[in-house]
Structures are given as C-alpha cells and as structure tokens.
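First up is the structure itself, then whatever we jot down about it.
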There are 2 protein chains.
Amino acid sequence: MELRHLTYFVAVAEELHFGRAAERLLVAQPSLSRQIRQLEDEVGVVLLERTSRRVELTAAGRSFLDHAVATLAQLEEGRIAARRTASGLAGQVRLGFVASVAVAVLPDLVAAHRRLRPEVTLDLREMTTEAQVPALVEGRIDVGLARDLEPVPGLCLQPVLREGLLVALPAGHALRARRRLRFAELRDQPFVTLPRDQVPRAWDRLWTLGRRAGFSPRTAQVALQYTTMLALVAADIGVAVVPESVRSLRSSGVRYVPIDDPDAESVILAVSREDECNPAVPGLLHLLDRDQLLDDTDITAT
Amino acid sequence: MELRHLTYFVAVAEELHFGRAAERLLVAQPSLSRQIRQLEDEVGVVLLERTSRRVELTAAGRSFLDHAVATLAQLEEGRIAARRTASGLAGQVRLGFVASVAVAVLPDLVAAHRRLRPEVTLDLREMTTEAQVPALVEGRIDVGLARDLEPVPGLCLQPVLREGLLVALPAGHALRARRRLRFAELRDQPFVTLPRDQVPRAWDRLWTLGRRAGFSPRTAQVALQYTTMLALVAADIGVAVVPESVRSLRSSGVRYVPIDDPDAESVILAVSREDECNPAVPGLLHLLDRDQLLDDTDITAT
DNA sequence: CAAATCGATAGCCTGGAGGCATCGATCCAG
DNA sequence: CTGGATCGATGCCTCCAGGCTATCGATTTG
C-alpha cells in the first residue's frame with residue numbers, strides 16, 4: 001500500500017465516480033480503477049460497490065475512508081510540524097539558569113518567548129553557573145543563563161545584563177539612608193552569604209571585594225536562597241551583597257544601598273554551544289539582546 | 001511522498017544507522033539513502049544529521065518522526081477497522097422497532113449484542129410496523145422489529161416470538177381470577193385502545209377478535225403508550241388487549257388473563273432487506289433466532 | 001599510515017504506474 | 001425494442017523511478 005492508494009481512494013469516495021475522480025487526480029480512469037483494486041486486495045476487503053451505473057461505499061469502505069482521511073491529515077500535520085520546527089517556530093529549548101535570574105531576567109524572558117513563539121516549549125532547570133558548563137557541553141541543556149562566566153572553548157557567551165551590586169541592610173541599620181557606600185565601610189559588618197561549596201562564584205565575588213577593601217568578610221549565617229537571605233537580613237542577622245536584580249524581590253524590612261566600588265558588579269550571560277543546531281535556540285538568544293527583553297521590565301541596567 | 005518514505009525514515013531513525021536500517025528493510029543502503037534524501041527534499045527540511053561516523057535526528061526530524069509513526073499506526077488501524085467492519089465485528093446497524101418490543105425483546109437483544117459485538121453500534125429508533133416497511137426499502141434503517149407483518153417483496157421476514165394475547169384487567173375486576181377466558185366474554189367491557197391512525201395493526205387485531213366473537217369492542221379511552229394504557233386499566237377506565245410480553249411491565253393494580261381464542265396471538269418479526277450488504281446485519285439477525293435470544297430472558301414464548 | 005567503517009554517488013536494470021484502445025454492462029430515448 | 005450513451009473493467013504498451021552493484025570520499029582506529 002502507498003499513499004497514492006489513499007489519495008485515490010479518498011477522491012473516488014468523495015466523487016463516487018471513477019471518471020470524475022480520475023480527472024481530479026490528473027490520471028486516466030483505468031489507472032485509477034487498477035489502484036483501487038490493488039488497495040482492496042491489500043486491505044483484503046471490498047471498499048466500493050460499483051456497477052457501471054453507480055458507485056457507493058461499503059460499510060468497510062466508510063470505515064476505511066475515515067482512517068484514510070485521518071492518515072493523510074496526520075501526515076500533512078507532520079510535514080508542517082517539521083517545517084515549523086526547522087524554522088525555530090516550534091520545538092523545545094532546555095534552559096538552565098542560576099537562581100538569581102529566576103526573579104529578574106527569567107520571568108520576562110519566558111513571557112516574551114511564549115508570546116512570540118508559543119509552540120516552542122521552554123524546559124526550565126535551575127542550576128549553578130558551574131553546573132551549566134558541563135551540561136551545555138554534554139548536550140543536557142541548550143542554553144544557560146549564568147553569572148560572571150569566563151570564556152569556555154566551544155561555548156558562546158552573550159552578555160545579557162551588567163548589574164551593580166547592592167548591600168542589603170536591615171531597615172533599622174545605621175547605613176540605611178546612604179545613597180551609596182564603599183565596600184570598605186562594611187568592614188565590621190556580619191554577612192549573610194550563600195554556601196561557598198555550592199555557589200563559589202558568588203562567594204568569590206564577596207571575598208574579592210573584601211580583599212580589595214583590605215579585610216575578610218565575616219560570615220554570620222549561610223542561606224540557600226535569596227528569599228531566605230533577605231529574611232535573615234530583615235531579622236538583623238547581618239548584611240548581604242546581592243546583584244541589583246534581587247531588589248525586585250521587594251522583601252519588607254530590607255533597604256538596598258549601591259556599592260560604589262568599580263568592580264562591584266555582576267554580569268548575567270546567555271551561554272550556548274558554538275555548533276548548536278537546535279533551530280529554536282537562536283530565537284531565544286535573540287530575545288536576550290538587552291533591547292529586546294528589557295522593553296517592558298522594571299529592572300534597570302547599570 | 002509515499003508510505004515507503006515514512007517506513008524507511010522510521011527505520012533509519014530507530015537504528016540511527018543507514019546500513020543496519022537498509023538490512024532491516026531488505027533493501028540496499030544506496031536506495032535507502034536516496035529515499036531519505038527525497039523525503040527531505042519533499043518536506044523541505046533536513047531530518048537527519050549524518051556524517052560517515054554518526055547519524056542523528058535533527059529537531060525537525062524528531063518532530064517528523066512522531067508524526068510518521070502516528071501516521072503509520074493510523075493507517076494500520078484503518079486496515080484493521082475495515083476488516084472488522086467487513087466481517088461484521090464492527091460497524092453500525094440502524095434498528096427500527098415497534099414500541100411493544102421495547103419492553104420485551106429489545107433490552108435482551110441490545111444487551112446480548114453489546115456483549116457479543118461491542119464494536120457494532122446499534123442505532124435505535126422507535127417506529128410503527130407501517131413506518132418500518134418504507135424505511136427499510138429506502139435504506140433509512142437496516143433491520144426492523146415489527147408485529148404481524150405480511151410478506152413484502154424485497155424484504156425478508158424472520159419470526160422472532162409468537163405471543164398469545166392477554167386481557168389486562170383492573171385488580172378488582174370480576175374476571176380477574178379466571179385462568180383464561182374467551183374474547184366473547186368481554187362483550188360488555190369498555191376498552192382502552194391504542195390510536196387507530198397510528199397503530200392500525202393493533203386496532204385491527206382487536207376489531208377482528210370482536211368480529212369473530214360477534215360484537216364491536218367499544219373504546220372508552222385511547223392511550224399512546226403501553227404504560228399509560230395499563231395505568232388507565234388500573235384506574236378502572238376499561239380493559240385492554242395486549243401482547244403477552246407487555247406483562248413484563250409489571251404494572252401494579254393490573255391483572256392479566258390469557259385469551260383462549262385460536263387467533264388471539266401476535267407475532268414479532270425481524271425484517272430486513274433481501275439484498276442487505278451491511279455485514280453487521282447478519283450478526284444481529286442471528287441473535288434474533290429464538291434459541292439465541294431467549295436463553296436468559298423471562299418472556300415465555302407461546 | 002594502512003585498514004576499516006559508513007554514507008554518498010554513479011550507472012544500469014526492471015517492475016509497475018500510467019496511458020490508450022477497447023470491452024461489456026446498464027440505462028435511456030425514440 | 002433497438003441504437004446510442006455512459007461508465008467501470010481489461011489488455012497491452014511505454015517509460016519512469018526505485019533497486020542493485022560498484023565505487024568514492026570522509027573519518028576513525030590500531
């Protein structure tokens with residue numbers, strides 16, 4: 001059996017006339033008759049009751065017709081789906097992201113992407129920058145949203161957002177009213193930090209700031225998530241250094257003051273494979289050009 | 001595009017190896033390569049990324065693969081459905097039936113049929129014997145369950161049940177305790193009847209009985225349905241002549257006494273076209289052989 | 001660097017799809 | 001009732017396309 005048999009059969013079933021069906025199919029009537037006969041032999045069932053005066057479907061023919069039409073439709077759908085997938089209009093992107101962008105870049109990105117390419121599903125998985133690199137290389141994710149990553153062979157980095165760093169202070173803190181401050185002024189403060197083994201990059205950032213200011217920041221408490229971190233700050237356990245985008249968490253009882261040091265900044269990057277062939281990826285990366293994404297967002301770039 | 005392209009593509013997608021796929025398909029590898037190329041040209045999309053070392057699906061290929069598999073499955077399903085329909089195991093039978101069999105033959109018939117051939121749907125339509133004849137001839141129904149029908153050219157009659165007639169009496173009626181009675185004894189009774197214009201056959205039956213007994217039955221009230229009829233009898237409006245199967249309605253306040261006259265009987269018949277080609281019809285008619293149907297029924301034949 | 005693996009390409013061959021002519025059955029007009 | 005028209009089936013021929021063999025070229029491996 002071939003698709004030809006199906007299209008021929010559907011035509012005859014619709015016309016109930018071999019001559020007209022043949023005309024519509026641009027073949028001669030004898031060819032059509034023979035193909036229908038072959039189809040019946042193949043299925044093992046008489047599909048059409050025909051005399052020289054009248055052609056009509058048998059019960060089996062009606063049943064088969066339904067399936068034939070569905071089959072042809074399914075195939076056409078496959079053709080279209082393949083084209084849409086190849087053009088990046090449909091498909092799937094597995095996106096790894098660091099926790100801190102979940103409150104900043106990610107919601108707008110997902111919303112914009114869903115609006116622009118609703119048939120592309122985003123498979124979101126939170127993972128640290130360190131975990132994203134091997135995941136990309138091994139093909140477990142297609143795009144990563146990372147922080148402060150140095151170039152890696154085979155991977156392509158695209159800066160998305162250059163953020164200043166803020167100090168999160170308890171609402172009653174002595175420094176709360178300052179419009180800005182230098183990190184050295186935090187010499188005696190206890191810090192709420194993220195765990196060094198899981199987020200070494202964030203920890204390094206803090207440690208580097210301290211080294212430049214001439215002291216070693218003292219950790220009062222380790223928190224696993226930014227929300228916890230801010231709750232601890234609000235509870236006066238200590239102060240915390242966070243990227244600017246965390247401000248959008250709007251935790252009550254916490255004041256933010258920008259750090260004035262030149263290297264007090266963090267860069268969010270989109271990371272992808274140089275030889276990526278998933279056609280849905282470019283569309284996502286394009287959205288991450290700052291101008292694309294930040295149109296209707298409340299995060300202000302540095 | 002032809003089905004060949006789909007099966008070939010599915011094979012390659014599963015093996016991810018042209019050589020092995022070709023072997024499985026019993027064709028030479030170059031043919032397979034060419035067919036896959038044709039398929040890609042046809043769809044307009046690269047489905048497989050291939051080097052001499054490795055073959056893998058593109059995103060579009062994965063998408064198309066899903067549809068290809070579904071298409072082939074759909075087709076196979078159609079083949080099977082056509083065969084089942086042709087063999088009478090699936091399909092549809094439009095069944096006309098007189099109201100009086102709705103309480104007798106029909107429930108058991110439908111239940112047995114559903115049990116034996118669950119894929120054949122019964123399309124039930126209540127209609128009088130008079131309406132069934134043209135409906136059969138014009139092909140609006142496939143089978144009719146009728147009463148007391150004389151042979152009709154082109155139609156095939158099959159007796160299903162030969163029933164005696166009963167008199168339905170109010171519970172307090174003078175004749176209620178009789179084990180049987182002759183119709184002549186009902187000479188002075190008022191009758192509850194079905195409407196003459198809609199059910200002439202039932203009316204004729206009553207009138208014939210009266211003529212043989214030497215009187216004209218007097219209609220006290222006309223009822224449209226057997227349930228109404230029995231309610232009227234229970235309310236002492238009159239007596240009624242009903243086929244034996246109506247007894248299964250078990251209306252309270254009504255007693256039944258058999259009529260002893262030789263022609264006090266009614267025959268339920270299955271009617272079908274002599275040239276019927278709906279393959280699901282024989283299965284239904286076979287169930288209507290008395291031995292088939294009445295195994296687990298409480299209706300007793302005369 | 002030689003050998004092996006594997007998909008692509010080239011060229012030939014044949015089966016089968018399509019075309020034309022015609023048959024045979026059926027219906028209808030005169 | 002008969003000749004013509006209609007329409008699907010059949011027979012035969014042609015030619016394209018799918019399949020085969022041989023070979024190439026790229027890549028990996030020992």
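Order of the sequence lines sets the chain letters (A, B, ...), proteins ahead of strands, with each chain counted from 1.
Atom CD of A:Glu15 is separated from atom P of D:dC7 by 12 Å (rounded to the nearest Å). The CE-P distance, from A:Met1 to C:dG16, rounds to 16 Å in whole Å. As rounded to whole Å, 14 Å separates atom P of C:dG7 from atom CD of B:Glu49. Atoms CG (A:Leu26) and P (C:dG18) sit 11 Å apart, rounded to a whole Å. In this structure, B:Glu23 places its CD atom 14 Å from C1' of C:dC6, rounding to the nearest Å. Atom pair A:Arg54:CZ and C:dA25:C1' shows a separation of 14 Å (rounding to whole Å applied). When rounded to the nearest whole Å, the span between CZ of B:Arg4 and P of D:dA17 equals 11 Å. Spacing between atom CZ of B:Phe18 and atom P of D:dA26 amounts to 18 Å, rounded to whole angstrom units.
Contact record, A:Phe18 with A:Ser33: CD2-OG, 3.5 Å, taken as the closest heavy-atom pair. Closest approach of B:Leu285 and B:Gln158 over heavy atoms only: O-NE2, 3.1 Å. Summarising the geometry of A:Pro159 relative to A:Leu269, their closest heavy-atom pair is CA-CD2, 3.7 Å, with the distance given to 0.1 Å.
Residues A:Val12 and A:Leu48 have side chains in contact (heavy-atom distance under 4.5 Å, counting atoms from C-beta outward). You'll find the side chain of A:Leu6 reaches within 4.5 Å of the side chain of A:Phe64, heavy atoms only.
The closest donor-acceptor contact from the side chain of A:Thr58 to the backbone of A:Glu49 lies at 3.5 Å or more, if one exists at all.
The 5' end of DNA chain C is approached more closely, in terms of each residue's nearest nucleotide, by B:Arg20 than by the other of B:Arg20 and A:His5.
Contacts between residues 29-44 of chain A and DNA chain C, counted as heavy-atom distances below 4.0 Å, involve A:Pro30, A:Ser31, A:Arg34, A:Gln35, A:Gln38.
Salt bridge annotation for B:Arg79-A:Glu42: present, with a cationic side-chain nitrogen under 4.0 angstrom from a carboxylate oxygen. Using a 4.0 Å cut-off between a side-chain N of Lys or Arg and a carboxylate O of Asp or Glu, A:Arg273 and A:Asp142 qualify as a salt bridge.
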Are there any protein N/O atoms within less than 3.5 Å of an N/O atom in nucleotides 28-30 of chain D, and if so, which ones and at what distance?
none

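To the nearest 0.5 Å, atoms NE2 (A:His67) and CZ (A:Arg62) are separated by 14.5 Å.
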